[in-house]
Amino acid sequence: MEMPKNSVVLIDTEAIVNKATKGKGLPRWIVRLIKKFIHEEEFNQNFRDGKLGWEFVEHFFNYIDVKVDVIGEENIPAEGLFTFASNHPLGGADAGFEVAYFARRYNGNVCVPANSFLMNLKQLSEYLIPVNKVGAQGRELAQMLNEAFQSDRQMLYFPAGACSRKINGVITDLPWMKTFITKSRQSHRDIVPVWFSGRNSNRFYFIDRITKWLGKGQNLAMYTLPDEFFRSRGKRFKMVIGKPIPWQSFTPDKTDTQWADYVRERVYELAQ
């Protein structure tokens, strides 16, 4: 869905929470805390200028003074359709920058599967397709994903499906899901590995661990990601682009899950 130029869409935290909890809501003090973590007022102040797409992201990166050094641009082929498969260490700054970078590179002709939380960022809606639904909605969205891979748009994919977590003391992605392998082979897309640097605060990993321990069924750590983005103020990150892996490489001698693990290893080998 492409939005009209200069339209203004503001964040409504309570609406986001109600949608995420299927109308059950959360205690008022938790909603107030989430508003603080989301930086609702500060985001909305910046949204009022009406910028959309990659211009919106670049404006925001300038606002919080975040810089990203890009290495390996020569590995991006001039022609063809690709799936850019990336690790997901931050959940905010990394996704935002990569969407803006590849959207500018391909004149907006990109597509990225996004969870329900990111879908609330309407300024990027022209690039996003929703995921993580079940039932009839799930079948409809699966069709949208198929159509995206079969389109002439470049695919940006975060196969972990969530930002990195602390696992056995190491900040790393969750296991990668195989969908990007299967769909890339079907649509004859070479896969370009992308590695992004960085990590979130210890608070994020603590909240994630406590939430899992409590078993509340809500990803409360997700609501802190906007605050993690603002905590990146003044920082410098690195994005490294590797050489494309031909889609013909993903042969039947390994399962698609094993091939996903292989590409994941290739991504982490780019760390510098």
Side-chain angles (χ1 to χ4, degrees), residues 1 72 75-77 79-89 91 94-95 98-99 101-103 105-106 108-119 124-165 167 172-196 219 239-271:
M1 177 183 68
N75 290 325
I76 303 176
E79 298 180 351
L81 293 175
F82 307 96
T83 300
F84 294 88
S86 177
N87 67 320
H88 202 13
D94 52 348
E98 291 185 34
V99 168
Y101 176 85
F102 290 110
R105 180 98 183 191
Y106 291 103
N109 201 29
V110 301
C111 190
V112 54
N115 61 28
S116 58
F117 188 76
L118 188 58
M119 287 301 299
L124 298 179
S125 61
E126 62 184 292
Y127 308 138
L128 307 180
I129 55 174
V131 294
N132 297 341
K133 297 290 185 181
V134 296
Q137 276 190 314
R139 289 190 294 273
E140 180 181 345
L141 298 182
Q143 180 61 31
M144 291 174 62
L145 185 62
N146 286 336
E147 292 173 356
F149 270 96
Q150 294 299 328
S151 73
D152 64 352
R153 304 177 78 181
Q154 306 295 347
M155 294 297 298
L156 173 58
Y157 214 92
F158 298 95
C163 68
S164 300
R165 298 305 202 260
I167 303 173
T172 187
D173 269 10
L174 299 169
W176 280 19
M177 293 175 280
K178 66 180 181 179
T179 303
F180 78 106
I181 295 288
T182 305
K183 301 297 184 186
S184 296
R185 184 175 57 240
Q186 291 172 348
S187 56
H188 295 184
R189 293 173 179 267
D190 295 349
I191 294 179
V192 181
V194 179
W195 176 80
F196 205 96
N219 184 5
M239 185 175 78
V240 185
I241 303 167
K243 295 183 181 300
I245 305 171
W247 63 267
Q248 298 94 331
S249 303
F250 306 116
T251 53
D253 60 309
K254 293 183 182 179
T255 66
D256 284 357
T257 298
Q258 290 173 323
W259 281 122
D261 292 340
Y262 167 78
V263 177
R264 185 181 189 274
E265 291 174 2
R266 290 281 297 271
V267 166
Y268 277 98
E269 287 172 0
L270 297 173

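Note that the structure is a prediction, hence the values are computed from the model and not measured.
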Just by modelled atom types, is the Ile245 backbone N or O under 3.5 Å from a matching donor or acceptor in the Arg266 side chain?
no
Side-chain donor/acceptor of Arg185 to backbone N/O of Phe250, under 3.5 Å
yes
So which heavy atom on Phe102 is nearest to which on Val110, and how close?
O-CG1, 3.4 Å
Would you check, one step at a time, whether the test side chain to side chain contact (heavy atoms under 4.5 Å, CB included) holds for Tyr268 with Asp173?
CA-CA 10 Å; Tyr268 277 98; Asp173 269 10; 3.5 Å; yes
Please answer whether the main-chain N or O of Phe196 pairs with a side-chain N or O of Asn87 as donor and acceptor at a distance below 3.5 Å.
yes
Any donor-acceptor pair under 3.5 Å linking the side chain of Asp256 with the backbone of Lys178?
no
For Asp94 and His88, which I'm curious about, is there any donor-acceptor pair between the side chains at under 3.5 Å?
yes
Between Ala160 and Met177, what is the shortest heavy-atom contact and its length?
O-CE, 3.7 Å
State whether the side chain of Gln154 and the backbone N or O of Gly80 hold a donor-acceptor pair below 3.5 Å, judged by distance alone.
yes
According to the interplanar angle, ranging from 0 to 90°, do the rings of Tyr262 and Trp259 count as parallel (below 30°), tilted (30 to 60°) or perpendicular (above 60°)?
perpendicular
I need the minimum non-hydrogen distance between Tyr101 and Met239, along with the two atoms involved.
CD2-CE, 3.7 Å
For Tyr127 and Val99 the tightest heavy-atom approach is CD1-CG1, 3.4 Å
